[in-house]
**Student:** 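Have a look at this one before I ask anything.
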Amino acid sequence: MSHEPSPSYGIARVTRVWQMPRSTVYAQRDRRDRPTPLAKRGPKPPQSDAALTTAIRAVIAASPFHGEGHRKIWARLRAQGLRTSKRRTLAVMRAADLLGPARVPAPVVARPHDGTIVTTQPNVMWGTDATATVTLADGQVTIFGAIDHCTAECVGLHAATYGTRFEALEPVRQGVRDHFGGMAAGAATGLTMRHDHGSQYMSDDFQAELRFRGIGSSPAFVRQPEGNGCIERFFRTLTEPLLWVRHFTDVEDLQQALRTFKATYNQQWLIERLGFRAPAVVRRAFALTPAA
């Protein structure tokens, strides 16, 4: 259809034959004749996209972690008094190429683990597992960790050249000492330990020490890592901001880095399911809440 008015037929007759509303013709004519495009509707935000991008870059540079997503960046902006929405933060970070790469989730299939492993109180269930990294002098070393399923707090972190069953007990001992006040028999009665079916964790020595401390053993389902998902998620947090971005001279250098990371993580890492609060903050809140 021509954009020019017909000398023989009016708009009403033409649009009726073409079965289209006259408002479409008028809208197209208005857009064609308008000298500048319409601006974005709605109230103007207090800061422009460029200013928000600058603020986001500053937050990323100041954060002690690598690879934080737009939700944590949004939470840190709010903590600094800069109000914006999650959707706008996501859009600005995407436009500025500030988003980290993300895996495509696998399709969900039926699985034995259909419940939740998150507890409503701390020191009810801990999770433990192992990962690995490389040092310049000692080669590959094993890292053992333990985490509280309620507060997501790292209760123990340890590195060893040989990942034996005795080394696997070290983060558990750290947590029992710090959160149960001692290492006596039955000191951690009431606590359950979630672990996989690795040889270190299923060994007689590991299981015997759990029983001695009063800790119940809770193996996850075979080939179902989500059953031990709390420690698995922590290892991702440990790997991306630390293990993948630093070189370590030897095991002692790695141990020092792990101690520093543990303290920083517990005090500053923001967790969405906890209301964007750090694990240590959540544990202190439980300590201040009187028991029912």
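Residue numbers count from 1 along this sequence. Because the structure is predicted, anything quoted here is derived from the model rather than measured.
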**Student:** Go through the structure and list residues passing side chain to side chain contact (heavy atoms under 4.5 Å, CB included) with Thr189, not counting sequence neighbours.
**Tutor:**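 Checked Thr189 against side chain to side chain contact (heavy atoms under 4.5 Å, CB included); zero matches.
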**Student:** Using modelled atom types only, decide if a donor and an acceptor are shared between the side chain of Asn266 and the backbone of Cys154 within a distance under 3.5 Å.
**Tutor:**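 Judged by distance alone, yes, a pair lies under 3.5 Å.
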**Student:** Is it the case that the side chain of Thr53 and the backbone of Asp49 share a donor-acceptor pair, with hydrogens and angles ignored and the cut-off at 3.5 Å?
**Tutor:**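 A pair under 3.5 Å: yes.
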**Student:** Please name the pair of heavy atoms, one in Ala278 and one in Gln268, separated by the smallest distance, quoted to 0.1 Å.
**Tutor:**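 Where Ala278 meets Gln268 most closely, the heavy atoms are CB-N, 3.9 Å.
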**Student:** If you look at every heavy atom in Gly145 and Thr128, which pair is closest and at what distance?
**Tutor:**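 Closest approach of Gly145 to Thr128, heavy atoms only: O-OG1, 2.8 Å.
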**Student:** Tell me the closest heavy-atom pair linking Arg273 and Cys150, and the distance in Å.
**Tutor:**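 Closest approach of Arg273 to Cys150, heavy atoms only: NH1-O, 3.2 Å.
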**Student:** Hey, could you give me the CG/CD distance between Asp129 and Gln200, rounded to the nearest 0.5 Å?
**Tutor:**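 Asp129 atom CG to Gln200 atom CD measures 9.0 Å (nearest 0.5 Å).
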**Student:** Of all the heavy-atom pairs spanning Phe248 and Asp253, show the shortest one and how long it is.
**Tutor:**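 Closest pair (atom of Phe248, atom of Asp253, distance): CA-OD2, 3.4 Å.
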**Student:** At what distance, to the nearest 0.5 angstrom, does NE2 of His70 lie from CD1 of Ile56?
**Tutor:**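 The distance works out to 10.5 Å.
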**Student:** Atom CE in Met193, atom CD in Glu209: separation rounded to 0.5 Å?
**Tutor:**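 Atom-to-atom, Met193:CE and Glu209:CD are 10.0 Å apart.
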**Student:** For Gly227, is there any backbone N or O sitting under 3.5 Å from a side-chain donor or acceptor partner on Arg194?
**Tutor:**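 Pair found, side chain donor or acceptor close to backbone of Gly227.
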**Student:** Can you name the nearest heavy-atom pair linking Thr237 to Phe261, along with the distance?
**Tutor:**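 Nearest heavy atoms, Thr237 then Phe261: O-CZ, 3.6 Å.
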**Student:** May I ask whether Ile73 and Leu99 are part of the same hydrophobic cluster, defined by side-chain heavy atoms of I, L, V, M, F, W, Y residues being less than 4.5 angstrom apart, directly or through others?
**Tutor:**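 Same cluster.
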**Student:** Looking at Gln174 and Leu157, would you say the former's side chain and the latter's main chain have a donor-acceptor pair under 3.5 Å?
**Tutor:**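 Between the backbone of Leu157 and the side chain of Gln174 there is a qualifying donor-acceptor contact (under 3.5 Å).
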**Student:** Using 0.5 Å steps for rounding, measure from the CZ atom of Arg71 to the OG1 atom of Thr89.
**Tutor:**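 If we round to the nearest 0.5 Å, Arg71:CZ and Thr89:OG1 are 11.0 Å apart.
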**Student:** Could you tell me whether Arg22 atom CZ has more than 12 heavy atoms of other residues or ligands within 6.0 Å of it?
**Tutor:**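 Check fails, neighbour count at 12 or below.
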**Student:** Measure from the side-chain N and O atoms of Trp74 to the backbone N and O of Thr84, and report whether any donor-acceptor pair falls under 3.5 Å.
**Tutor:**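 Confirmed, Trp74 side chain pairs with Thr84 backbone.
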**Student:** Quick check against the 3.5 Å criterion: does Thr142 have a side-chain atom that pairs as donor or acceptor with the backbone of Ala132?
**Tutor:**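 No; judged by distance alone, with no hydrogens or angles, the pair does not exist.
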**Student:** Between the main-chain N or O of Ile60 and the side-chain N or O of Ser63, is there a donor-acceptor pair closer than 3.5 Å?
**Tutor:**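 Side chain of Ser63 to backbone of Ile60, a donor-acceptor pair under 3.5 Å: no, none is there.
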**Student:** Answer yes or no: is there a donor N or O on one side and an acceptor on the other, between the side chain of Arg88 and the main chain of Ser85, under 3.5 Å?
**Tutor:**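 Looks like no, no N/O pair under 3.5 Å.
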**Student:** Using modelled atom types only, decide if a donor and an acceptor are shared between the side chain of Asp138 and the backbone of Val251 within a distance under 3.5 Å.
**Tutor:**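 Yes.
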**Student:** Does anything in residues 142-170 form a ring-ring contact (aromatic ring centres under 6.0 Å, His included)? List the pairs, not counting sequence neighbours.
**Tutor:**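 Listed by first then second residue: nothing to list.
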**Student:** Mind listing the closest non-hydrogen atom pair of Phe206 and Val172 along with its distance?
**Tutor:**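 Nearest heavy atoms, Phe206 then Val172: CZ-CG2, 4.4 Å.
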**Student:** For Arg236 and Glu232: C-alpha separation, side-chain torsions, deciding distance, then whether salt bridge (Lys or Arg N to Asp or Glu O under 4.0 Å) applies.
**Tutor:** CA-CA 7 Å; Arg236 174 183 169 184; Glu232 298 285 2; over 6 Å; no
